[in-house]
Amino acid sequence: MARVADLPLVAPLLFSFAAILCACAGAPAPAPSGPSTPAAAPVAVQDPHSYAKPQEVAVEHLGLDLTVDFPRKQLAGRASLRLRNRTGASQLRLDTRDLDIRRVLLDSGTEARFTLGEPKPFLGRELVVEIAPDTRVVHIDYATSADAAALQWLEPRQTSGEHPFLFTQSQAILARTWVPLQDTPSVRMTYEATVRVPPELMAVMSAENPTAKSADGVYRFRMPQAIPSYLLALAVGDLAFRPLGDRAGVYAEPAVVERAAWELADTPKMIAAAEKLYGPYRWGRYDVLVLPPSFPFGGMENPRLTFATPTILAGDRSLVSLVAHELAHSWSGNLVTNATWNDFWLNEGFTVYFENRIMEALYGRSYSEMLAALGRGDLLETLEEMGADSPDTRLKLDMAGRDPDDGVNDVAYEKGYLLLRRIEELVGRKVFDKFLRSYFERHAFRSMDTETFLALLDRELLAKHPDLRAEVRQWVYEPGLPATAPQPKSDAFAKVEAQAQAFAAGTAAAALQTAGWSTHEWLHFLRSLPAPLAPERMADLDQTFKLSESGNSEVLAAWLEKVIASSYAPAYPALERFLTGMGRRKFLQPLYTALAKTPAGAELALRIYEKARPGYHTVSRQTIDKILDWRG
Ligand code: BES
Ligand code: ZN
């Protein structure tokens with residue numbers, strides 16, 4: 001049995017140093033991937049996570065001129081914000097965090113007065129610029145701090161080559177740590193950027209991108225479609241490009257790019273399937289940047305250039321649903337954008353639904369049902385951990401006063417998915433698809449809040465299903481999972497469960513029928529096993545299926561959860577390798593959480609974390625610090 005064990009993880013030891021107006025009824029949607037899309041009108045509600053007052057004056061275009069200084073871990077230069085002053089306001093309120101604001105100029109050069117407010121945890125400092133009602137452009141000269149939360153500066157040893165690397169992660173409210181702006185998803189702007197990097201490196205952004213290095217290290221970018229600030233992205237490194245068809249491609253470090261291009265070869269088919277489902281792809285090109293292993297997420301839907309973890313490079317294309325997910329965000333999220341982080345399920349629930357439909361179109365219903373069943377299992381586990389009556393298990397969140405990042409869990413994704421699937425099952429797929437297609441078209445380049453969505457759902461889809469209205473509100477505003485939640489059906493998984501039961505009843509691993517199992521069947525098998533298991537049973541599994549050596553990150557992570565639950569010490573070296581070899585929070589979080597449950601586990605966790613922490617991105621550190629009560 002070699003399926004799950006044949007390829008090594010990417011660079012495993014690399015950092016072994018161990019209301020919205022959105023709805024703006026009637027406003028014409030911009031033309032499909034037209035030359036330039038106007039910035040949409042801002043929403044009328046106050047985003048609890050932004051100091052900005054876009055209903056008074058909104059930023060409609062951003063010009064960036066930045067120099068990337070690796071030795072100082074600093075971006076320095078100028079942000080020029082073009083304003084649309086709707087009310088004749090005399091102050092522009094921006095979000096900043098850990099920025100050194102040096103000078104502010106208006107239009108053609110008069111110096112402006114500005115004040116910085118008191119820093120608040122995760123929100124940062126309000127920047128108030130005195131403007132005139134006819135001020136068109138505000139130029140801000142500034143520099144980032146060495147520990148700006150959005151930025152991760154990698155040493156060459158944390159990459160697969162010999163060069164340093166920088167990437168940004170702006171979602172949810174980290175854009176303000178590298179650009180002073182209106183950091184709320186309810187404001188959209190177009191942007192242009194000039195980025196200066198060491199000449200041996202290449203820069204790419206969530207914009208029109210180069211495919212080769214420039215001679216002088218200067219790169220110019222243009223993003224003609226209006227985007228919210230959380231989709232602003234930059235990466236700088238020794239990058240190579242491989243095309244995948246004529247409108248898709250892959251960027252990665254040279255040592256990784258061939259493998260990445262092979263793994264992601266189905267991307268053009270995914271784009272075609274997505275367009276067939278819900279309308280034209282409106283962003284021009286769709287490329288994927290495969291980052292070094294410390295990237296804290298599976299993927300990030302930066303427009304035109306998805307950022308992805310190398311842990312999806314399993315060598316058998318079995319983890320590409322992540323690309324379907326990030327691609328789907330090109331509609332759900334990037335076209336129709338959650339108005340505030342309390343409406344996060346509108347981004348992620350819709351995207352998981354869309355992702356599943358792309359996977360079904362490409363690989364068939366039995367494949368997509370396995371994915372849906374795994375997602376439902378994750379959700380049930382999350383609900384159990386959070387408590388099914390926790391207010392944070394409602395789809396509509398209340399994150400005011402808290403870091404929106406703390407509201408990110410399976411609820412928005414998987415409960416959101418199940419709600420949409422429930423509606424689909426009741427109204428029929430044909431009707432639901434028509435609704436979604438027109439939803440993406442009519443609200444393209446706009447924000448959407450939960451209440452506006454529910455109103456239009458009532459109007460357009462539930463007129464004939466009045467009893468569903470109350471049920472939908474239960475899903476959205478009540479905690480827990482309604483009893484009507486759909487139950488994905490997988491015959492393949494039923495067979496897997498029988499094998500897990502046989503093993504639990506004493507059958508030897510070698511006698512199990514595992515021939516031909518896909519990654520998803522292995523995952524379901526591992527999750528279906530009882531825990532703890534006796535050391536000799538764990539040894540039997542490991543020796544028979546080579547689980548500790550699996551090159552499939554998902555399988556390895558699922559196995560290592562069992563390893564911890566069973567205190568199976570022979571696999572601790574594999575655990576340590578995994579935890580120090582990548583920084584993807586989705587893998588780190590459950591493993592550290594499981595370790596923290598026993599004193600011996602907590603001790604091991606702290607020993608590993610001490611080594612691994614410097615290589616993790618801030619967002620992963622923040623999560624694990626809490627789990628382990630880390631005080632440095
Ligand atoms: N947009 C999210 C990542 C995100 C969410 C970053 C909230 C910061 C705050 C992205 O689309 C995502 O959902 N990524 C998932 C992968 C996906 C296949 C479920 C991840 O990173 O695991
Ligand atoms: Zn997502």
Side-chain angles (χ1 to χ4, degrees), residues 49 122 149-150 152 167-175 177 183 185 206 227-233 264 270 288-291 293-303 305-312 314 318-338 340-356 358-359 368 371-372 374-376 378-379 382 397 399 402-417 420 519-520 523 553-554 557 582-590 617-620 622-623:
H49 295 108
F122 59 84
Q152 192 173 13
F167 66 85
T168 66
Q169 168 57 43
S170 295
Q171 196 181 11
I173 55 168
L174 304 180
T177 72
D183 196 9
S206 50
I227 60 161
S229 57
Y230 77 90
L231 296 176
L232 205 59
L264 306 184
M270 291 184 176
V288 178
L289 168 64
V290 176
L291 288 149
S294 71
F295 185 60
F297 293 105
M300 177 63 215
E301 65 272 26
N302 298 315
L305 184 64
T306 282
F307 282 20
T309 169
T311 63
I312 58 167
S318 65
L319 303 179
V320 295
S321 63
L322 181 127
V323 174
H325 179 97
E326 305 312 335
L327 171 65
H329 272 305
S330 307
W331 288 257
S332 45
N334 298 4
L335 276 188
V336 186
T337 305
N338 55 202
T340 74
W341 299 114
N342 291 332
D343 306 300
F344 182 55
W345 79 278
L346 293 178
N347 273 19
E348 296 300 343
F350 278 64
T351 297
V352 173
Y353 178 83
F354 194 165
E355 165 197 350
N356 194 266
I358 295 171
M359 295 308 283
S368 62
L371 297 176
L374 288 170
R376 197 182 203 274
D378 289 338
L379 175 62
T382 300
L397 292 170
M399 295 307 296
R402 289 188 286 165
D403 187 336
D405 198 49
D406 295 342
V408 178
N409 58 54
D410 289 324
V411 171
Y413 290 80
E414 299 296 342
K415 185 180 171 183
Y417 163 73
L420 296 183
T519 291
H520 309 101
L523 289 175
S553 58
E554 294 279 353
M582 57 86 225
R584 183 175 175 187
R585 183 167 69 173
K586 177 190 145 182
F587 292 144
L588 301 178
Q589 184 169 14
H617 187 281
T618 322
V619 307
S620 291
Q622 196 177 300
T623 301

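Just so it is clear, the model here is predicted, and its values are computed rather than measured. Numbers for residues simply follow the sequence, beginning at 1. Start at 1 and go down the list; that is how both ligands and their atoms are numbered.
Classified by interplanar angle (parallel below 30°, tilted 30° to 60°, perpendicular above 60°), the ring pair Tyr353/Tyr417 is tilted. Below 30°, between 30° and 60°, or above 60°: for Trp341 and Tyr230 the angle between ring planes is above 60°, a perpendicular geometry.
A side-chain N or O of Thr311 and one of Arg584 form a donor-acceptor pair less than 3.5 Å apart.
The Zn ion (ligand 2) lies under 2.8 Å from an N, O or S atom belonging to Glu348.
Between the NE2 atom of His325 and the NE2 atom of His329, the angle centred on the Zn ion (ligand 2) amounts to 100° when rounded to 10°.
Residues lining ligand 1 at a heavy-atom distance below 4.0 Å are given as Gln169, Gln171, Phe297, Gly298, Gly299, Met300, Glu301, Leu322, His325, Glu326, His329, Phe344, Glu348, Val408, Tyr413, Arg584, ordered by chain and residue number.
Residues forming a salt bridge (Lys or Arg N to Asp or Glu O under 4.0 Å) with Asp378 (at least two apart in sequence, or on another chain): Arg527.
Counting only distance, with no hydrogens or angles, the side chain of His49 and the backbone of Met399 share a donor-acceptor pair below 3.5 Å.
Side-chain contact between Met270 and Met359 is present, with at least one heavy-atom pair separated by less than 4.5 Å.
Using a 4.0 Å cut-off between charged nitrogen and carboxylate oxygen, Glu554 and Lys586 count as a salt-bridge pair.
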